[in-house]
Amino acid sequence: MKVVEKEFYENDTDFVAKELIGKKLTRILEYENITYKLGGIIVETEAYGHDDDSASHAYIGISNRNKIMFEKTGCAYIYLIYGKHYCFNVTARNEKKKAGAVLIRALYPEKGIDIMSKLRNTTELENLTSGPSKLSQALCINKDINGMDLTQNNTIWIEYGIKPDAIGCTSRIGISRAKEVPWRFVMLDKNQQNYLLNPYVSKRKDIIKIIED
DNA sequence: CGAAGGATCGTCT
DNA sequence: GACGATCCTTCGT
């Protein structure tokens with residue numbers, strides 16, 4: 001296991017979002033006095049920029065909520081959405097930008113499935129971590145880890161994983177501005193280059209292009 | 001299985 | 001005072 005280093009997050013935010021596909025998000029959790037390792041493979045991400053991106057929280061400038069997006073790269077940016085859900089982001093940007101983050105939208109569940117099932121109140125694998133707030137609930141992610149450095153030895157980190165056969169690129173989900181910006185990325189299977197058949201990602205968009213190696 | 005609507009509260013105007 | 005980088009339930013086919 002190798003934790004993704006800080007330098008990785010010092011690239012263009014959309015590049016980082018694409019390259020995070022196939023890496024693994026891992027979370028250490030104390031549950032009923034036992035320490036568990038939870039997590040899975042990142043299969044869906046979205047990039048959010050600064051003043052170049054009207055859909056981004058950072059578009060309006062620095063505020064109490066979004067200030068993590070302007071601070072160190074490789075850190076967790078957590079926010080509450082719709083009054084009850086949390087979303088998990090990693091701060092990432094090149095040295096010329098002042099803010100940026102990648103929203104982790106879905107995981108392929110691998111570790112601690114029994115605990116994640118309890119936290120999610122479902123045993124359906126396809127419903128455990130197939131959404132930004134679903135995975136936050138499954139990994140017990142909330143404001144407590146806002147700003148946490150994901151490149152240090154903490155209770156949550158991102159590590160190197162697998163190389164995807166292909167990656168699909170689409171516009172982002174659930175936004176009202178900058179609807180056409182193609183900054184959503186999903187893992188594709190070589191045999192079924194149609195992400196609609198990937199049960200772990202949001203099924204709401206058409207692929208704009210397919211990125212192969 | 002898809003569409004529609006409610007939940008719920010921090011954040012910004 | 002309005003809205004949101006969402007999820008879940010209900011209702012109809």
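So that the names make sense, note that chain A is the first sequence line, chain B the second, and so on, each numbered from 1. Every heavy atom of this structure was used, including side-chain atoms; hydrogens, water molecules and symmetry mates were not.
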Quick one: [X] [atom1] to [N] [atom2], roughly how many Å, whole number?
| X | N | atom1 | atom2 | value |
| --- | --- | --- | --- | --- |
| R177(A) | dG4(C) | CZ | P | 8 Å |
| Y82(A) | dT11(B) | OH | P | 16 Å |
| N64(A) | dC12(B) | CG | P | 7 Å |
| E124(A) | dC1(B) | CD | C1' | 13 Å |
| Y79(A) | dT8(B) | OH | C1' | 16 Å |
| R105(A) | dT6(C) | CZ | C1' | 8 Å |
| I175(A) | dC3(C) | CD1 | P | 17 Å |
| L128(A) | dC7(C) | CG | C1' | 14 Å |

query = When you measure from the centre of the six-membered ring of F8(A), is the NZ or CZ of K23(A) under 6.0 Å away and within 45° of the axis?
reply = yes
Cation over ring face, R105(A) and F88(A), 6.0 Å, 45° = no
Is there side-chain contact between [X] and [Y], with at least one heavy-atom pair below 4.5 Å?
| X | Y | result |
| --- | --- | --- |
| Y77(A) | N66(A) | yes |
| L128(A) | S117(A) | yes |
| L80(A) | H85(A) | no |

note = By the Watson-Crick or G-U definition, both distances under 3.5 Å, dA5(C) is matched with none
message = Under 3.5 Å for both donor-acceptor distances, Watson-Crick or wobble: does dT13(C) have a partner, and if so which one?
response = none
Using a cut-off of 4.0 Å on non-hydrogen atoms, how would the nucleic acid contact of [X] be classed: base, sugar-phosphate, or nothing?
| X | answer |
| --- | --- |
| L103(A) | base |
| R120(A) | sugar-phosphate |
| R65(A) | sugar-phosphate |

Heavy atoms from C-beta onward define the side chain here; which of [options] lies closest to that of [X]?
| X | options | answer |
| --- | --- | --- |
| I60(A) | dC8(C), dT6(C), dC12(B) | dC12(B) |
| N89(A) | dG10(B), dT11(B), dA5(C) | dA5(C) |
| K84(A) | dG4(C), dT8(B), dC8(C) | dT8(B) |
| L80(A) | dT8(B), dT11(B), dC9(B) | dC9(B) |

inquiry  = If stacking means aromatic ring centre less than 5.5 angstrom from the base's six-membered ring centre, planes under 30°, is Y48(A) stacked on dA5(C)?
reply    = yes
query = Using a cut-off of less than 4.0 Å, is there contact between a side-chain N or O of H85(A) and OP1 or OP2 of dT8(B)?
reply = no
ask   = Is the shortest side-chain N/O distance from S176(A) to OP1 or OP2 of dG4(C) below 4.0 Å?
value = yes
